[in-house]
Amino acid sequence: MPGKIKWTYYKKVLKHPLVEQGIPFISGHSYGGFRVNAVGDDFFTKFEYQPGQRFSFEAADGGSGHLSETKSEAIAGAEAAKLLGIKLGDTFNPTCGVNAGDPVHKHDFIKFVGIMAPTGTAHDRAIFIPLKSFYSLEGHGSAVQEMADDEDSREISGAYLKLKHIRRGALHPGIQELKYDINQSQGAQLVIPAEVLPRLYKIIGWADTMISGIALMVLGLSCIFLFSSLMAALRERRRDIALFRCLGATRRTVFGLMLTESALTSLFGALAGLIPGHVLVGIAAHYIKIESGLHFSPLFISSADIWMIPAALLLGILIGFLPAFQAYRLGALTNINKEN
Amino acid sequence: MLIRVENLKVSYRSGTETLTVLDIPAWFMEEARQIAVAGPSGSGKSTFLNLLSGLLLPSSGSVEICSEKISEMSEYDRDRFRGRHISYIFQSLNLLQGYTALENVLLGASFSAGRAERKEAEYLLEETGLAARMKHMPSELSIGEQQRVAIARALIKKPALVLADEPTGSLDRKRGRSMIELLQKVCLERQAALITVTHDLDAVKAFPESMDFAVINRAFSGEENS
């Protein structure tokens, strides 16, 4: 069966004053390891995968082709098209199920007429067919095929609902009542991402806190290590510093040299963490994209990355201040003949 | 006149007493002269060099070099003055271990007003017989070779005055003599005055002029008390 939600119930929900728009979908099919979802016609014209962002088929955006015009036409997400080598005009037979060995609709040939521009979301890793073509697939039997023409008998897996907001980012308070009504009904459940995601982040937030704690500990240890290294270097280089003074270096020069060394050590330390970090993102991004379709760019420079450079320099200067002051105070004559 | 010293005294307080270790009423030196300062240990030879270099301030009196009274300068100005006009060669081998011979020579001009010229440094190392050892670390050089690097480093900034404190102290007699000859030659070529403190009589003989510091320093000879 296509799904658990009756079309009539979906239509009823659509009529609710707090529901602005709905796009039905049916899942459960696949091709080449990618999900084949049947979607309502509005999916490509009205659905926003990010606020203000709609799917594009423009070549300038990286897309090609056009929307499905008949029920035997499909659209491929960018990543699915790339990995399966899909070209416009290619045909495929969808598999009835998502597991290996599930039956294939051998006599239903669906042609690719569009490839969506990359979105950086899971939609890149799916194939979309019109809702009607799902009901018409040969292997689904007459009960399902009748749904193609008889809307009221249809069933769907779910629907994307656009709910009324009182302002940007704030849902109408009446939504809670709608949610209650839907969740009390049989066979449907309303999930509001804006509510679920913060709860999810709260659950996994401890990991974030722990990583931040570890980072702070590493930072603290690095500071201690840098400070003790500079002090040890100072002890070892007393004669060198005295030699600089004898060659004409002023106390200020010696102070500046020590401070510069500290700042540069700190800066290189930050870069030595930052650059491999981005390389690691670059390596992981490939696998994350394959697994989830989410796109992470190693070239993305966050504000934290930008602030890290002056912060590392400042930290280096602060840590180096005491060793530099000690170097400033070193007497040239008393240290020039000292053995290290 | 390159150096003019007048009523130079260095005294230390020891409890309630004041101990004078150096007392020179007057001493002069012309430009580009070369002189050996001899005298027994404790006669104040090194203290005298430290005063001339500006690393030490006298308790009283004045030191004038290149017509500038360095004894009245601030420490910052003395450091800068030394960076421009005075080079110091030590008895102990004071090369930076992490630097090549060439880099050590270039370091000699790092704190002077002019830029360190790589060609000049290479030329000096060739002149001191180290053409094949420029890229060597101090640990790969013999003591004599290290001392020659120190001589090249002292001359790189074209100083008016080179002060050498027991430059042959770590060398045997033969190498000591050749080191003094080299030092005299390169100083003469660059018209730099040379004052070498030594208690090596062979080294003293190699100089056209010498002075017995035990006589010049009244605090050591006891003349001041007479």
Side-chain angles (χ1 to χ4, degrees), chain A residues 225-269 272 316-317 319-340, chain B residues 10 46-47 49-57 70 73-99 103-114 116 138 149-150 153-157 159 161-166 169-170:
Chain A
F225 182 73
L226 177 60
F227 179 77
S228 54
S229 301
L230 287 168
M231 291 303 281
L234 178 65
R235 271 193 297 277
E236 279 179 19
R237 286 197 240 145
R238 275 180 307 177
R239 197 163 72 165
D240 293 348
I241 292 167
L243 177 66
F244 286 170
R245 294 289 315 285
C246 292
L247 291 173
T250 63
R251 286 184 191 274
R252 286 182 222 175
T253 307
V254 169
F255 181 83
L257 283 172
M258 283 297 284
L259 217 55
T260 306
E261 180 179 348
S262 176
L264 287 180
T265 306
S266 180
L267 177 68
F268 287 134
I317 289 169
I319 293 166
F321 194 85
L322 186 62
F325 186 64
Q326 297 268 43
Y328 176 91
R329 289 182 57 201
L330 274 182
L333 281 176
T334 46
N335 287 285
I336 191 66
N337 290 318
K338 271 190 182 165
E339 292 298 324
N340 284 332
Chain B
V10 176
S46 295
T47 303
L49 284 200
N50 292 335
L51 286 165
L52 294 180
S53 68
L55 286 167
L56 186 68
L57 273 181
I70 65 165
M73 288 179 184
S74 66
E75 185 187 51
Y76 176 82
D77 288 334
R78 273 184 282 127
D79 289 338
R80 286 174 62 88
F81 183 85
R82 185 167 56 255
R84 284 197 303 274
H85 301 295
I86 303 170
S87 284
Y88 213 136
I89 298 168
F90 304 93
Q91 176 184 357
S92 55
L93 304 167
N94 285 297
L95 299 185
L96 289 189
Q97 294 302 311
Y99 292 70
E103 288 163 347
N104 264 289
V105 174
L106 286 167
L107 184 72
S110 298
F111 307 107
S112 64
V149 174
R153 184 179 66 193
L155 272 301
I156 182 81
K157 66 182 177 189
L161 175 63
V162 175
L163 304 171
D165 191 359
E166 302 280 7
S170 311

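Numbered from 1 within each chain, the chains take letters A, B, ... in sequence-line order. Here the structure is a predicted model, which is why all the values come from computation and not from measurement.
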(request) Provide the closest heavy-atom pair for B:N94 versus A:I336 in the form atom of the first, atom of the second, distance. (result) OD1-O, 3.4 Å
(request) Decide side chain to side chain contact (heavy atoms under 4.5 Å, CB included) for B:S110 and A:L247; before the verdict, give the C-alpha distance in whole Å, the side-chain angles of both, and the deciding distance to 0.1 Å. (result) CA-CA 8 Å; B:S110 298; A:L247 291 173; over 6 Å; no
(request) Output the distance between atom CG (A:L333) and atom OG (B:S53), rounded to the nearest 0.5 Å. (result) 6.5 Å
(message) Does B:Y99 have more than 12 heavy atoms from other residues, nucleotides or ligands lying within 6.0 Å of its OH?
(response) no
(request) For the pair B:E75 and A:R245, evaluate side chain to side chain contact (heavy atoms under 4.5 Å, CB included) and give the outcome as yes or no after the intermediate values. (result) CA-CA 11 Å; B:E75 185 187 51; A:R245 294 289 315 285; 3.5 Å; yes
(message) Are there residues of residues 82-89 of chain B whose heavy atoms fall under 4.5 Å of chain A's heavy atoms? If so, which?
(response) B:R82, B:G83
(request) Counting only heavy atoms closer than 4.5 Å, note whether B:R153 contacts chain A via side chain, backbone, both or neither. (result) side chain
(message) Within residues 248-256 of chain A, which residues come under 4.5 Å of chain B, heavy atom to heavy atom?
(response) A:G248, A:A249, A:T250, A:R251, A:R252, A:T253
